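Here's the structure, in C-alpha cells; my notes come after.
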Amino acid sequence: EKVFIHMVHTLFNPFVATFMLCAVIAANMSTMDSQALVAGSIVSEDIFRKVNIRGLNSHQLFSLSRFGVIAVSLFATVFALLFKEWGILE
C-alpha cells in the first residue's frame with residue numbers, strides 16, 4: 001500500500017517528492033469529484049425519474065442531482081471515518 005510513498009521518498013529529494021505526492025493526491029481528488037458527480041446524476045436520472053409518477057422538470061432534476069452529490073459525499077465521508085484503519089496513509 002505504501003510502496004509509492006516509500007519509493008518517492010527514497011528516490012527523490014524532499015522538494016521533488018512533495019510535488020510528486022501532491023500530484024497523486026490531486027489526481028485522486030479529481031477522480032473522486034467525478035465519481036461524486038456521476039453518483040449524483042444516477043440518483044436524479046435513474047432513481048427519481050423512474051420512481052416519480054407525476055414527472056419532474058429539468059430544474060427539479062438538477063436540484064435532485066445536487067442533493068445526490070451531497071448525499072453521496074456525506075456517505076463517503078462517514079464511511080471513510082468509520083473504516084479509517086483500512087487506509088493506506090496511517
Side-chain angles (χ1 to χ4, degrees):
E1 292 178 344
K2 299 179 185 181
V3 172
F4 182 76
I5 296 169
H6 182 67
M7 181 184 69
V8 168
H9 283 296
T10 303
L11 295 177
F12 300 104
N13 67 11
F15 184 75
V16 175
T18 301
F19 279 108
M20 292 188 74
L21 291 175
C22 286
V24 169
I25 291 171
N28 191 11
M29 289 174 60
S30 174
T31 302
M32 288 187 294
D33 176 44
S34 299
Q35 292 297 321
L37 289 173
V38 167
S41 297
I42 288 171
V43 168
S44 67
E45 290 290 329
D46 295 343
I47 296 173
F48 284 115
R49 187 174 283 215
K50 291 179 182 175
V51 171
N52 193 3
I53 297 171
R54 64 179 170 87
L56 296 171
N57 62 27
S58 62
H59 180 68
Q60 291 170 326
L61 280 174
F62 183 70
S63 297
L64 285 174
S65 178
R66 284 185 176 177
F67 173 74
V69 169
I70 292 170
V72 167
S73 299
L74 287 175
F75 175 76
T77 301
V78 169
F79 187 82
L81 291 174
L82 289 176
F83 299 104
K84 60 182 162 184
E85 68 270 2
W86 292 358
I88 62 171
L89 298 175
E90 294 177 352

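Along the sequence shown, residues are numbered consecutively beginning with 1. Keep in mind that what you see is a predicted model, and the values were worked out from it rather than measured.
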To the nearest 0.5 Å, what is the distance between [atom1] on [X] and [atom2] on [Y]?
X: Thr77; Y: Leu82; atom1: OG1; atom2: CG; result: 10.5 Å
X: Ile25; Y: Ser30; atom1: CD1; atom2: OG; result: 13.5 Å
X: Met20; Y: Phe15; atom1: CE; atom2: CZ; result: 13.5 Å
X: Leu64; Y: Ser41; atom1: CG; atom2: OG; result: 11.5 Å

Is it possible for you to say whether [X] and [Y] belong to one hydrophobic cluster, with membership spreading through side-chain heavy-atom contacts below 4.5 Å?
X: Leu81; Y: Leu74; value: no
X: Leu11; Y: Phe19; value: no
X: Leu21; Y: Met7; value: yes
X: Phe67; Y: Phe75; value: no

Next item on the list: Check Val69, Ile42, Val72 against Leu37 for a side-chain contact (heavy atoms from CB on, under 4.5 Å) and give me the one that passes.
Entry: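 With Leu37 as partner, Val69, Ile42, Val72 yield a single side-chain contact (heavy atoms from CB on, under 4.5 Å), made by Val69.
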
